[in-house]
There are 2 protein chains.
Amino acid sequence: MPKSSDSDHKKTTVSTPERREELLAIAAEVFAAQGYNATTVRKIADAAGMLAGSLYYHFDSKESMLDEILSGFLDELWARYDAVLGAGLGPRETLEALVTESFREIDRHLAAVAIYQKESKHLGTQPHFAYLVESQQKFEKAWLGTLERGVTAKVFRADLDVRLTYRFVRDTVWVAASWYRPGGRHSPEEIARQYLSMVLEGIALHDS
Amino acid sequence: MPKSSDSDHKKTTVSTPERREELLAIAAEVFAAQGYNATTVRKIADAAGMLAGSLYYHFDSKESMLDEILSGFLDELWARYDAVLGAGLGPRETLEALVTESFREIDRHLAAVAIYQKESKHLGTQPHFAYLVESQQKFEKAWLGTLERGVTAKVFRADLDVRLTYRFVRDTVWVAASWYRPGGRHSPEEIARQYLSMVLEGIALHDS
DNA sequence: TAACCTACCAAACACTTGTTAGGGAAGGAG
DNA sequence: CTCCTTCCCTAACAAGTGTTTGGTAGGTTA
C-alpha cells in the first residue's frame, strides 16, 4: 500500500522533478516553521523567490504540496522500517534498529517529520489523507508486536501496560523532531544510543 | 511574573465570568481539535450555539481567547509546580511530584495542554506571547536543576547528557496530551506511576 | 410603568485566502 | 530564424476571514 505518492495525481505538471523537489523542500521548511494552515502560498512563493501564482505551474494545489511532502517521507520511512522488520532480528535488536532508523529519518527529513507530528492527527479525518492513519496503524502494529515479542521472550518487563509502553517509546523518539537540529553536537546515532539507554534500562528485564 | 493573564487587557468586556469560562472551554475544545489557525470564529460560535459576531461581546478578539486559555493554564500549572519546588523534597521525589502534577494538569486542562503543545513554538516569536517562552525557560530551569541535583546526589545516572535527559523526560510527559482521554482506563496518577517507573529505571543509578 | 443591563442577532466591512487565465522572456533544437 | 519547452509574472477572481456597528428580546431593578 505504499502507492500513496503517485496515485490520483489527476494531471501531472510539466516542471522538472529537480525543481519540484527544490520547491517542496522550501515549502516543507515553511510548513514546519509556521504550521500548514498558517502558511499562505504567498509565503512559500516568497521563500522561493517568486510569486504565488507561479507555484501552480509546478503543483496542483497547496494541499498537493503537503501531500507529496508527507507521502514522500512515509514511503522512505517504511522502506527502512520494512528492511529492519524483515531482517529476522530479536525483539531488543529490532527495537534498537527501529529507534536508530527513526532518528536518522528525523535527521534527513526534519521538516517533514515536524509537519507530520503537528498535522497528521486532524488531517487523518480528511479522506484524501487516509493513508496517514493506515501508516499509523501499521506503525502501531510493528512496534506493539516487537514489544510483545520482547515480553514473552523475557527481555522486556511484563508488569507494564504494553500499549502505554508503545506510546511512551513512540513519543520519546518522534517528539525529538521538535528540538533536533541537523549538524548539532550529537549525531542521530549518538542521540539514538542515549535514548535507547534511557528507555531500555526501564523496559529491559533486570536480573539481580 | 504570573501577571500574564490580567495584564494589558485594554478594555474589559461586560459579560459574567461564568459565561466567559463556558465559552473559553468550548473554544479550547475547538482549538485543540482543529488547530488555532484552522479554527474560524464562526466554528467556535457554532459550537457555542450563537453567531460569530456575538463572541465579541465577551472577548476582544480571537487571539485574546487563545491568550486567556493559555495563560490561565500556565498560571494554574505554575501554582502547583511552585508548591512542589518549594516543598524541600529530594531530587527523585521532586521529579516524581512534578511528573504526577503534570499528568493531573493534562487530566484537568487537556484542551489547553494540547493547544500549548501545538502552537506555543511559533507563538513564542510573537511579542504578545512572550510569556510562553518565559514560562518555558522557567520550566527548563526547574527540571534541569532537579536533574542536576539528582546527578550530584547520585540518584540519577551521570553518564547521560543532562539536557538530552531533560528533553526526554519533558517530552514523554507532555506528549501524553495527544492521546490521553479523561475518564479512560487509567487515572492520571496511574499513568504517572507507570511513566515514572519506565523513566526512572533508566535514569536512576543501578547498584548491582 | 420606566429605565437599565445582559446576551445575543443581523448585516455588513475591509482584508486575506487559494486559485486561475493569459502572456512573455529565455534558451535549446530543428 | 523559427518552433517549442520551461519557467515565471501580471492581474484578477470568488470565497472565506476576523471584526464592527446598530439593534433588540428578556429579565432585573426602581
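- Taking side-chain N and O atoms only, A:T16 has a distance below 4.0 Å to OP1 or OP2 of D:dC7.
- Here the nucleotide nearest the side chain of A:S61, chosen from D:dG18, C:dT19, D:dC7, is C:dT19.
- Here D:dG23 presents its P atom at 18 Å from OH of B:Y57, a figure rounded to the nearest Å.
- A donor-acceptor contact closer than 3.5 angstrom links the side chains of A:Y131 and A:D67.
- If you check D:dC7, D:dC9, C:dC9 against the side chain of A:H58, the one that comes closest is D:dC7.
- Per the geometry, CG belonging to B:D46 stands 14 Å off C1' belonging to D:dG16, to the nearest Å.
- In this structure, the CG atom of B:L55 is 9 Å from the P atom of C:dC8, given to the nearest Å.
- A:Y36 places its OH atom 13 Å from the P atom of C:dT17, with the value rounded to the nearest Å.
- Protein atom NZ of B:K62 is 8 Å distant from nucleotide atom C1' of D:dG18, rounded to whole Å.
- For the pair B:R157 and A:E201, the salt-bridge criterion is not met [side-chain N within less than 4.0 Å of a carboxylate O].
- In this entry the distance linking CG of A:L66 with P of C:dG18 reads 12 Å, nearest Å.
- Dashed line: the shortest gap from a side-chain N or O of B:S54 to OP1 or OP2 of C:dC9 is under 4.0 Å.
- OP1 or OP2 of C:dT19 lies within a sub-4.0 Å distance of a side-chain N or O belonging to A:Y56.
- Rounded to an integer number of Å, the gap from B:I44 CD1 to D:dG18 P is 8 Å.
- Ion pairing between a basic and an acidic side chain is recognised when a charged N comes within 4.0 Å of a carboxylate O; B:E189 and B:R193 show no such pairing.
- Here the CG atom belonging to B:L196 is positioned 11.5 Å from the CD1 atom belonging to B:I191, to the nearest 0.5 angstrom.
- Under the 30°/60° scheme for interplanar angles, the aromatic rings of A:F103 and A:Y195 are found to stand perpendicular.
- Side-chain to base pairing of B:R42 with D:dG16: no donor and acceptor N or O lie closer than 3.5 Å to each other.
- Atom P of nucleotide D:dT17 and atom NZ of B:K43 are separated by 7 Å, given to the nearest angstrom.
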